[in-house]
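The next block holds one structure in the form of structure tokens; read it before the comments.
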Amino acid sequence: MRSSLRLWVAVVGATALLTATACSSSGDGGSSAPKDVEVFTWWADGGEKAGLDGLVSAFGTDCGNFKFVNGAVAGGAGANAKQVLASRLAQSDPPDTFQAHAGAELTDYIKAGQIEDLSQEYKDWGLSNAFPKGLIDNLTVGGKIYSVPANIHRANVIWGNKTLLAGAGITADAKTLDAFFADLEKLKAKGVTPLALGRDWTQLMLFESVLISDLGAQKFTGLWNGSTKWDDAGVTKSIADYTKLLSYTNKDRDTFDWTDAEKLIMDGKAGYQLMGDWEAADLDAKKFSGYSYSAFPGNGNTFQWLADSFVLPKGAKNPEGTKCWLKTVGSAAGQKAFNTKKGSIPARTDATVADYPAYQQAAIADWKSQAQVPSCAHGSACSQGFQGALNSAMGKFSADGNATALQTALVAAAGQFAK
Ligand code: GAL
């Protein structure tokens, strides 16, 4: 062979080898290796991870051609994950799917043109009638539906350490804010932290619960659509009540994630904590069974809801794999595998109630019978910009205690972001 021909053969051969290697490592074809599906969440530990694991096992059954790749970024409420996600989306490097809250938060991604329309998949997979209409409305913009809901969570729940409560003479959870203050006094007299609290977004959750108590379901909902003004006297009263509640909380709250506050309950160092019902699953996963739960005092028959859903980002590397994940998320088996471990209730309306732990059985009944209001801390009520502004206002108030400045900041945030 002449030397120039030998060189040509060598170059072509090497190129072919490189191409084959590239194909098999990316799984793009010519190989039987399962293609990766990167699933981006903030469910990295405890009950949240247990829920995700349930979904992953259903995905393994349904989608053998694809491989789950865990893109979780730890941190409650996505405090860290959302920042990582925003920068990846800005760099056109989306994961194959990510979790997004139904409602205003999802609308942010739709308006930014970052996620795909799934209307056809809803038809193909028979999902159009699988979920409650109100929830579908929260996933729809301009007649197109953009995500598959995995669950419904409840935000306005207080969790208690039963032994501590009994020791302080508290035999039933308070039904009004005034009765709650009296119980917090009893816990304080016992030398424990009456109410465990964490950083900014957990403070926003507590404040939202107080707003529900003081304003009622309808006026509370009006805060997010502009029909209730943030300079309302009811909001001023809520700030006063919230200020009083803060005086019963741990001083290091601003450094705490929700699981740190939860640990105070588990360790018998705090009586109560306000948190969403992922706490039920987390306490179960951590084998702590001595807990009580009730709607936040004064919230009466109001169910503050949020829903985790999954999307198909524009430019996802493996859209077919993502679709298989989404189909699993929306399936009866997927919802059962996930929600029995996550503390949430299924978004699907055809679930078998008896399949669920006692907490979720009660929540399924409440979801059907109670007034539903959305959550800003978890994206059903407000955009990410509005949420960010409120989180920083709460964090600032936690440090400086300036009630007038807090209400001014709330009014300003609503002026900039409320619909
Ligand atoms: C919420 C999410 C829940 C739970 C919680 C705490 O935003 O919807 O599923 O993960 O954060 O991290």
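Remember, it's 1-based here, ligands and their atoms both numbered in the order they're listed. Fair warning: this is a prediction, and the values are worked out from it, not measured in the lab.
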For ligand 1, is there an N or O atom under 3.5 Å from any N or O atom of W43?
-> yes
Contact check: W201 vs ligand 1, nitrogen or oxygen atoms, below 3.5 angstrom | no
Within 4.0 Å of some non-hydrogen atom of H153, the atoms of ligand 1 are 3 (C), 9 (O)
Ligand-residue contact atoms, ligand 1 with W258, heavy atoms, under 4.0 Å = 6 (C), 12 (O)
Among non-hydrogen protein atoms, atom 1 (C) of ligand 1 lies closest to H378 ND1, 3.2 Å
Which residue and heavy atom of the protein sit nearest atom 3 (C) of ligand 1, plus the separation = K342 NZ, 3.5 Å
May I ask you to decide if the ring planes of W224 and F220 are parallel, tilted or perpendicular, using 30° and 60° as cut-offs?
-> perpendicular
Over 12 foreign heavy atoms within 6.0 Å of NZ, K186 | yes
Sidechain N-carboxylate O distance under 4.0 Å for D350, R348 = yes
F256 six-ring centre to R199 NZ/CZ under 6.0 Å and within 45° of normal = no
Can you establish whether the number of heavy atoms outside K396 located under 6.0 Å from its atom NZ is more than 12?
-> no
Presence of salt bridge, E38 and R88, under 4.0 angstrom | yes
Ion pair check, D93 and K317, cut-off under 4.0 Å | yes
H101: numbered ligand 1 atoms lying under 4.0 Å from its heavy atoms = 1 (C), 2 (C), 7 (O), 8 (O)
For A77, the atoms of ligand 1 under 4.0 Å from one of its heavy atoms are 6 (C), 7 (O), 11 (O), 12 (O)
Below 4.0 angstrom from a heavy atom of L306, which ligand 1 atoms are there? Numbered from 1 as shown, please.
-> 8 (O)
shortest atom 12 (O) of ligand 1-to-protein heavy-atom contact is with E48 OE2, 2.6 Å
So, do H378 and W201 have ring centers that fall under 6.0 Å from each other?
-> yes
N151 N/O under 3.5 Å from ligand 1 N/O = no
Heteroatom distance test (G76, ligand 1): nitrogen or oxygen, under 3.5 angstrom | no
Can you tell me which residue and heavy atom of the protein come closest to atom 2 (C) of ligand 1, and the distance to 0.1 Å?
-> D308 OD1, 3.4 Å
Between Q203 and D254, do the side chains contain an N or O donor and an N or O acceptor separated by less than 3.5 Å?
-> yes
Can you find a non-hydrogen atom of G276 under 4.0 Å from ligand 1?
-> no
